[in-house]
Amino acid sequence: MTGALAGRRFLVTGVATKDSIAWAVAARLQEAGAEVALTSFGRVARLTARAAARLPVPPGEGEILEWDASAAGAGEALRKQVAERWDALDGVLHAVAFAAPEAVGGGFLSAPAASAEAAFRVSAFSLKDLAAGLAPFMPAGGSVVGLTFDGTRAWPLYDWMGVAKAALEATARYCARDLGPRGVRVNLVAAGPLATLAAGGIPGFGELAARWEEGAPLGWDTNDPGPVADAVCFLLSDAARGITGGILHVDGGFHALGAPGA
């Protein structure tokens, strides 16, 4: 894919560590010749800067833009920051999610409304905010890609994050409907479990991940975000120009089974 995206400009959210899917996406985009900007905010910004320094083309000072997915109107504010750097944007990766400890881990029925609402705002509504804020800055052929974890099923311990992912998937479809006439595509990648910083905050993650390692027809490496990153780059590229409103599963085939080992 070397040079395939030369001259293209992409925004990548959610880079927290070198092990994150977002970092792998940013690295692959750069290797394909694209210009890449990152976002972060608050206390996470220090982690983002540290991880960004290990990219093939590390960002310069002030080149990590501020985007707080929980803040109202943050997408429009982000567009203004992007406009100071570029005259157009070809695509963006939405790779942020959040659920308070009481919203995951088995306490689904006891979780307070505020925790469920926070999970929805950061993990689902922020996709609309990001897409709506940046779409006016994207030419026809632009692409918005988000990350999900199969919101069609109830997973052990995933609780309100699972509900938020289901909302994210519906949000992507409605964004695809409304942005399609502008020529902007919106798709999601449903990734198998990966050993990222975010996954570390989910109780019982190891048990869940083991199901993929044992049951995915193609096998599954929880330490390799590469296959997911490659799928994201495909959806960001012109090779996926006829695809919108879709969910591409990259999980070793686990989603296709009625039960592990079937």
Side-chain heavy atoms of Val25 within contact of Phe10, under 4.5 Å: no

In short, Val186 meets Ala172 closest at the heavy-atom pair CG1-O, 3.7 Å

I'd like to know if Arg8 and Asp238 make a salt bridge, using a cut-off of under 4.0 Å between side-chain N and carboxylate O. yes

Centre-to-centre under 6.0 Å for Phe149 and Trp155, is that the case here? yes

If you apply the rule side-chain contact (heavy atoms from CB on, under 4.5 Å), what do you find for Val36 with Val57, and how did you get there? CA-CA 9 Å; Val36 176; Val57 183; over 6 Å; no

Ser143 and Leu235 have their tightest heavy-atom pair at OG-O, 2.8 Å

Would Phe41 and Thr48 satisfy side-chain contact (heavy atoms from CB on, under 4.5 Å), going step by step from the backbone distance to the final call? CA-CA 9 Å; Phe41 83 101; Thr48 301; over 6 Å; no

Looking only at heavy atoms, which two atoms of Leu55 and Ala26 are closest? And how far apart? CD2-CB, 3.9 Å

Take atom CZ of Arg54 as the centre, draw a 6.0 Å sphere, and report whether it contains more than 12 heavy atoms from other residues, nucleotides or ligands. no

Specify whether Trp212 and Phe254 have parallel, tilted or perpendicular ring planes, treating 30° as the upper limit for parallel and 60° as the lower limit for perpendicular. parallel

For the residue pair Leu236 and Val144, establish whether any side-chain heavy-atom pair is separated by less than 4.5 Å. no

Only one of Asp68, Leu11, Val92 forms a side chain to side chain contact (heavy atoms under 4.5 Å, CB included) with Leu78, so which one is it? Leu11

With rounding to the nearest 0.5 angstrom, report the CG to CE distance, Leu168 to Met161. 10.0 Å

With no hydrogens and no angle check, is any side-chain donor or acceptor of Asn187 less than 3.5 Å from a backbone partner on Gly246? yes

Please check: side-chain N/O of Ser123 versus main-chain N/O of Phe98, any donor-acceptor pairing under 3.5 Å? yes

Counting heavy atoms not belonging to Gln81, are there more than 12 under 6.0 Å from its CD? yes

Any side-chain to backbone donor/acceptor pair from Ser20 onto Trp23? Under 3.5 Å, distance only. yes

Side-chain touch Val12/Leu29, heavy atoms, less than 4.5 angstrom: yes

Nearest non-hydrogen partners of Met138 and Asp90, listed with the distance: CE-O, 3.7 Å

When you look at Asp230 and Arg28, which way does the side-chain contact (heavy atoms from CB on, under 4.5 Å) test go after all the steps? CA-CA 8 Å; Asp230 288 340; Arg28 278 161 166 71; 2.5 Å; yes

Under 4.5 Å between any side-chain heavy atoms of Leu188 and Leu147, yes or no? no

Is it true that the NZ or CZ of Arg177 lies under 6.0 Å from the centre of Tyr174's six-membered ring and within 45 degrees of the ring axis? no

Hey, is the main chain of Ala240 close enough, under 3.5 Å, to the side chain of Arg185 for a donor-acceptor pair? yes

Going by heavy atoms in the side chains, are Thr152 and Glu169 under 4.5 Å from each other? yes

Let me check something: do Val15 and Val82 share a hydrophobic cluster, defined by ILVMFWY side-chain heavy atoms less than 4.5 Å apart, either directly or through other members? no

Please report the C-alpha distance between Trp220 and Glu214 in whole Å, then the side-chain angles of each, then the deciding distance to 0.1 Å, and finally whether the side chain to side chain donor-acceptor pair (under 3.5 Å) criterion is met. CA-CA 8 Å; Trp220 186 250; Glu214 297 168 1; over 6 Å; no

With rounding to the nearest 0.5 Å, note down the distance linking CZ in Arg9 to CZ in Phe137. 8.0 Å

Decide yes or no for Phe234 and Ile243: does some side-chain heavy atom of the first lie under 4.5 Å from some side-chain heavy atom of the second? yes

Pairing donors with acceptors under 3.5 angstrom, does anything connect the side chains of Trp160 and Glu102? no

Glu66 and Thr39, any side-chain heavy atoms less than 4.5 Å apart: no

Using only atom types and a distance under 3.5 Å, with no angle test, would you say the side chain of Asp19 pairs donor to acceptor with the backbone of Asn223? no

Linked, directly or transitively: Leu134 and Val96 (ILVMFWY side chains, under 4.5 Å): yes

On a heavy-atom basis, the closest approach of Ala124 and Thr171 is O-CG2, 3.8 Å

Taking all non-hydrogen atoms of both residues into account, name the closest pair between Ala51 and Lys18 and its distance. CB-N, 3.8 Å

Donor-acceptor contact present, side-chain Ser110 to main-chain Gly107, <3.5 Å: yes

If you measure from the Lys or Arg side-chain nitrogens to the Asp or Glu carboxylate oxygens, is any gap between Lys165 and Asp150 under 4.0 Å? no

Between Lys128 and Asp178, does at least one N-O distance fall below 4.0 Å, as a salt bridge requires? no

If we only count heavy atoms from C-beta on, is the Ile247 to Thr148 side-chain gap below 4.5 Å? yes

Say whether, by atom type as modelled, one donor and one acceptor occur between the side chain of Ser115 and the main chain of Ala111 under 3.5 angstrom. no

